[in-house]
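Atoms considered below: every heavy atom in the structure, side chains included; atoms not considered: hydrogens, waters and symmetry mates. All residue numbers in this chain count up from 1 along the given sequence. Every value quoted in this text rests on a predicted model; they were computed, and no experiment measured them.
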Amino acid sequence: MTRRLARLVRSSVLICAVTTLAATATGRTEPLITSVPRPAERLTPPPRSFSLIATGDVLTESPVTSSAAALAAGSGGRFDFAPLFAPITEMLSSADIAICHMEMPIGAPGERPGVYGRSAFGGNLILAPYEIADGLRRAGFDRCSTASNHSNDLAAPGIDTTLAALDAAGITHVGTARSAAEATSSIVTVNGVRLAHLSYTRYSNTVVPAEPWRVNFAASPAQVAADVNAARAAGAEAVVVSVHISTELLPAPTPSDRQFITEVTALADIDLIIEHGPHVIQPVEQVNGTWVYWSVGNLISGMGTLPGRYNDLRTLDGLAAAARFTETSTGKFTVEPWPVLLCNEIFTRTVYAPIAALAAQLPPVIRSELEACIQRSTPVVANLH
């Protein structure tokens with residue numbers, strides 16, 4: 001008999017002896033312990049929930065592409081955007097779904113980025129480099145809204161290359177489409193919850209495409225509400241709507257914008273609305289019970305130091321429209337907004353969450369920029385993080 005087996009036998013004999021003595025002392029004939037206790041079981045499952053972060057406009061003007069080109073030097077590539085998002089990558093990756101707003105069309109691999117002329121309606125026709133999609137994915141984004149005033153800058157080919165670049169990076173998208181079938185695909189599953197994310201623009205720098213499914217235009221509150229109701233009918237349990245609006249650089253929504261959102265939320269059950277386009281941040285409010293980020297400003301851009309109307313330091317600022325969705329009854333979710341301030345550093349265009357970043361050691365120049373960003377932004381949006 002091995003030593004291990006002998007120890008097991010002696011242990012078994014000892015257990016039996018103790019059980020027998022205990023039974024004799026109490027007058028019982030059966031063992032005191034007859035079964036192993038079962039672990040506690042939850043009678044009701046915990047409420048389903050998920051976290052979401054949506055950020056502002058992605059614009060790759062020359063200050064941004066110059067930094068990305070410098071970061072790629074020596075690597076054999078043209079641009080490397082991921083380091084510009086490095087300070088916020090952990091935050092983005094912590095969300096169950098992180099959504100960007102790709103305002104510009106994205107070019108094909110190797111295609112020249114930059115300005116491709118002027119629109120007849122005003123503004124430049126702009127193409128972002130193919131590498132921005134990979135940079136956004138490495139930053140932690142899962143999805144992008146693509147309906148904006150610039151969506152059709154390079155017509156159908158620009159829409160096609162935008163979505164091809166996002167597909168190659170593994171980023172889902174909504175707002176523009178290559179086919180009518182693709183235009184109706186808006187539902188994703190997040191933590192077991194069927195989430196409909198819809199994306200619209202209320203204006204365009206160019207003529208409206210002949211195929212209406214190419215760019216998702218918000219022609220009226222009734223149209224948006226009908227789309228939301230259709231998504232609910234198709235099984236969506238929560239709904240988020242991204243809207244690109246036309247009036248820029250104002251600190252608060254226009255009466256027209258407020259009326260549009262008020263009518264939409266009266267006609268349809270929307271959990272969260274995120275607005276883009278003003279290039280500056282605006283307040284976060286509830287309208288008919290729906291939380292609205294009136295403007296999340298820019299995520300990354302060349303604005304703030306450009307000549308002309310965009311020489312406005314507020315365009316360096318943006319919001320991460322963070323929110324926690326928690327199910328309170330079957331298919332009904334409450335939304336807790338959590339606005340996080342974001343700032344572009346002027347020289348490199350690196351994106352910081354300044355309130356958290358200031359707790360670390362930073363060069364004095366960057367610290368001063370982030371402190372100025374906080375001072376500009378706290379009077380506009382309450383409870384910034």
Side-chain angles (χ1 to χ4, degrees), residues 53-64 67 84-85 87-88 91 100-104 122-124 126 148-150 201-203 205 242-258 261 273-285 292-322 337-358 362 365-385:
I53 291 176
T55 55
D57 303 358
V58 175
L59 297 158
T60 58
E61 295 105 339
S62 57
V64 179
S67 284
L84 302 180
F85 302 115
I88 63 168
M91 177 189 69
C100 84
H101 180 59
M102 192 64 227
E103 181 169 356
M104 297 175 171
N124 290 327
I126 313 174
S148 80
N149 59 310
H150 285 285
T201 185
R202 292 190 62 194
Y203 81 114
N205 285 353
S242 299
V243 184
H244 195 102
I245 59 177
S246 61
T247 306
E248 300 178 336
L249 304 177
L250 294 182
T254 65
S256 173
D257 184 29
R258 186 176 289 278
I261 296 303
I273 294 175
I274 302 144
E275 290 204 328
H276 303 276
H279 300 304
V280 296
I281 65 170
Q282 294 181 359
V284 183
E285 298 175 356
V292 180
Y293 279 85
W294 285 111
S295 173
V296 289
N298 293 328
L299 172 64
I300 192 168
S301 80
M303 296 182 184
T305 58
L306 294 175
R309 65 193 303 260
Y310 296 118
N311 188 15
D312 184 329
L313 292 178
R314 295 177 303 151
T315 60
L316 297 168
D317 313 336
L319 294 178
W338 188 267
V340 179
L341 182 62
L342 302 177
C343 304
N344 280 204
E345 184 268 316
I346 291 174
F347 181 68
T348 66
R349 299 294 159 161
T350 301
V351 184
Y352 290 89
I355 294 174
L358 287 175
L362 292 170
V365 172
I366 295 178
R367 177 172 290 274
S368 176
E369 285 188 37
L370 299 187
E371 288 172 345
C373 172
I374 293 171
Q375 291 173 2
R376 289 191 298 268
S377 303
T378 49
V380 181
V381 179
N383 302 317
L384 281 171
H385 299 279

Practice item. Verify side-chain contact (heavy atoms from CB on, under 4.5 Å) between Asp257 and Trp294, making sure each step is shown before the conclusion. Key: CA-CA 9 Å; Asp257 184 29; Trp294 285 111; 3.5 Å; yes

Practice item. Walk me through it: do Leu316 and Arg349 pass the test side-chain contact (heavy atoms from CB on, under 4.5 Å)? Key: CA-CA 9 Å; Leu316 297 168; Arg349 299 294 159 161; 3.3 Å; yes

Exercise for review: Test side-chain contact (heavy atoms from CB on, under 4.5 Å) on Val380 and Asp317 and set out the steps.
Suggested key: CA-CA 11 Å; Val380 181; Asp317 313 336; over 6 Å; no

Exercise for review: Test side-chain contact (heavy atoms from CB on, under 4.5 Å) on Leu299 and Ile88 and set out the steps.
Suggested key: CA-CA 11 Å; Leu299 172 64; Ile88 63 168; 4.0 Å; yes

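Within the model, atoms OG of Ser368 and CG of Leu362 stand 11.5 Å from one another, a figure rounded to the nearest 0.5 Å. In this structure, CD1 on Ile300 lies 13.5 Å from CD on Glu103, to the nearest 0.5 angstrom. Rounding to the nearest 0.5 angstrom, the gap separating the OG atom in Ser256 from the CZ atom in Arg258 is 12.0 Å. For the atom pair Ile281 CD1 and Arg376 CZ, the distance stands at 9.0 Å (nearest 0.5 Å). One distance of note links OH of Tyr352 with CD1 of Ile366; it measures 3.5 Å at 0.5 Å rounding. Residue Asn124 holds its CG atom at 9.0 Å from CG of Asn205, rounded to the nearest 0.5 Å.
Between Met104 and His150 the shortest heavy-atom distance is CA-CB, 4.3 Å. Between Gln282 and Leu250, the closest heavy-atom pair is NE2-O, 2.8 Å. For the pair Ser301 and Met303, the tightest heavy-atom approach, listed with the atom from each and the gap, is OG-N, 3.0 Å. For the residue pair Leu313 and Gly304, the shortest heavy atom distance occurs at CD2-O, 3.9 Å. Minimum interatomic distance between Ala353 and Val340 (heavy atoms only, all atoms of both residues): CB-CG1, 4.2 Å. When every heavy atom of Val64 is checked against every heavy atom of Leu59, the shortest pair comes out as CG2-O, 3.7 Å.
The closest side-chain heavy-atom distance from Ile274 to His101 is not below 4.5 Å. Within the 4.5 Å cutoff, the side chain of Val280 has no heavy atoms near those of the Glu248 side chain. The closest side-chain heavy-atom distance from Leu384 to Ile355 is below 4.5 Å. With contacts defined as side-chain heavy-atom distances shorter than 4.5 Å, the pair Asn298/Asn344 does not qualify. Contact annotation: the side chain of Val296 approaches that of His276 to within less than 4.5 Å [non-hydrogen atoms, C-beta and beyond]. Residues Glu369 and Cys343 are not in side-chain contact: their nearest non-hydrogen atoms beyond the backbone lie 4.5 Å or more apart. Counting only heavy atoms from C-beta outward, the side chains of Ile245 and Pro278 approach each other to under 4.5 Å.
Looking only at distances, no side-chain donor or acceptor of Tyr293 sits under 3.5 Å from a matching main-chain atom of Ala320. His385 places a side-chain N or O within 3.5 Å of a backbone atom of Asn383 that can act as its donor or acceptor partner. Panel note: side chain Asp312, backbone Arg314; a donor-acceptor pair is recorded below 3.5 Å.
Other residues, nucleotides and ligands place no more than 12 heavy atoms under 6.0 Å from the CZ atom of Phe347.
Ring geometry for His279 against Tyr310 counts as perpendicular: the plane angle is over 60°, on a 0 to 90° scale with 30° as the lower cut.
Put simply, the residue from Leu342, Thr350, Val351, Thr55 that forms a side-chain contact (heavy atoms from CB on, under 4.5 Å) with Phe85 is Val351.
No side-chain donor-acceptor contact under 3.5 Å links Arg309 and Thr315.
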